Protein chains: 2
Amino acid sequence: MISLDFRDSRSIYEQICDKVKKLILEGALSEGDKIMSVRELASSLTINPNTIVKAYKQLENEGYIYSVQGKGYFVAGRKSAAKDADFGALFDTARATLSELCFLGTEKDTVTRMVDDIWKEMKR
Amino acid sequence: MISLDFRDSRSIYEQICDKVKKLILEGALSEGDKIMSVRELASSLTINPNTIVKAYKQLENEGYIYSVQGKGYFVAGRKSAAKDADFGALFDTARATLSELCFLGTEKDTVTRMVDDIWKEMKR
DNA sequence: TAACTGTACTATTACATATAATACAGTATA
DNA sequence: TATACTGTATTATATGTAATAGTACAGTTA
């Protein structure tokens, strides 16, 4: 379900953030679903629980999940994430990455096709 | 020309990398142009020369600039950057960012317009 | 020769990451 | 009620990266 890549230069908690977020974006995790507990995921990945806490706290700040004392962490809804999202930063990242791909010779059709695929596959 | 944002959580050398790269992508710096020397940019930003070296070395590894002993750093050509680029990582970043924007309710037209603008404005 | 360039190295400080261990509070269930 | 889960909080420690400081050497230009 969730695994770590030790060749990845990013920090462990960042990788966990991205993996959980990806599961939510893909629809593998839906609103209200309970996700793995802090201790459960930590022992599953053989890492420290505090590292999971750090990742979950960040996803909570981004509005993607929420916690309930004694019960666990659950997936929040799209509205929650949209309310807390930093659209400025997201568009900046998108613009910078696409500009670089353009500069490096990527065909516009290639990118347009990618956009089409994403907006078609995403269940909304 | 190049400035630092201390509210930015990213490291200084990363910010410098991105700013120089942005100038190249925008066409403000063209192939063969000499860029600010290590010591010149360091004293201009009131930071340590070693930090500039780190940023320039990374841009050199990405094929965006090259150095000549005793003369300085110069802007390399598109082919040089394209040869060293990690297209897999770039497309991964693009896909992840665009998927998140889609999930958060961004209209496809908004993104398509952004792509059109980038491929139109970029002088190739 | 003098004043620039890049390059290389050591030492030091500061900060973020990750681990370890412990404790407390809320929830669910036998 | 007792037990075993949940999240939360705290302190301490080790490690690696980022950034600074200083020095030195080699190539280029005027």
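Since this is a predicted model, take the numbers as computed values, not measurements. In the text below, chain A, chain B and the rest are named by the order of the sequence lines, each starting its count at 1.
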Just to confirm, is there a sub-4.0 Å distance from OP1 or OP2 of [N] to any side-chain nitrogen or oxygen of [X]?
| X | N | result |
| --- | --- | --- |
| B:K57 | C:dT7 | yes |
| A:S11 | C:dA16 | no |
| B:T51 | D:dT20 | yes |
| B:K54 | D:dA19 | no |
| A:Y13 | C:dA18 | no |
| B:K71 | D:dT29 | yes |
| A:S37 | D:dT6 | yes |

Pair [X] + [Y], salt bridge at N-O below 4.0 Å:
| X | Y | result |
| --- | --- | --- |
| A:R10 | A:D18 | yes |
| A:K21 | A:E62 | yes |
| A:R95 | B:D117 | no |

>> If I take atom CD1 in residue B:I12 and atom P in nucleotide C:dC15, what distance separates them, rounded to the nearest angstrom?
In response: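 The answer, rounded to whole Å, is 12 Å.
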> Given atom CZ of A:R10 and atom C1' of C:dT17, what is their separation to the nearest angstrom?
Replying inline: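 About 15 Å, once rounded to whole Å.
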> Would you say the base of C:dA18 and the side-chain of A:N48 have a donor-acceptor pair closer than 3.5 Å?
Replying inline: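 Check fails, no donor-acceptor contact within cut-off.
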>> As a test of understanding, state which of B:T51, B:T46, B:N50 forms a side-chain hydrogen bond (donor to acceptor under 3.5 Å, both in side chains) with B:N48.
In response: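 Option passing the side-chain hydrogen bond (donor to acceptor under 3.5 Å, both in side chains) with B:N48: B:N50.
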>> What contact category does A:K34 fall into here, base, sugar-phosphate, or nothing, at under 4.0 angstrom with non-hydrogen atoms?
In response: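 If one applies the 4.0 Å heavy-atom cut-off, A:K34 turns out to touch nothing in the nucleic acid.
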> Is B:Y73 touching bases, backbone alone, or none of the nucleic acid, heavy atoms closer than 4.0 Å?
Replying inline: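 Result for B:Y73 = sugar-phosphate.
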>> On DNA chain C, does the nearest nucleotide to B:E40 precede the nearest nucleotide to A:V68 from the 5' side, or the other way round? Give the residue.
In response: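 Here B:E40 is the residue nearer the 5' end.
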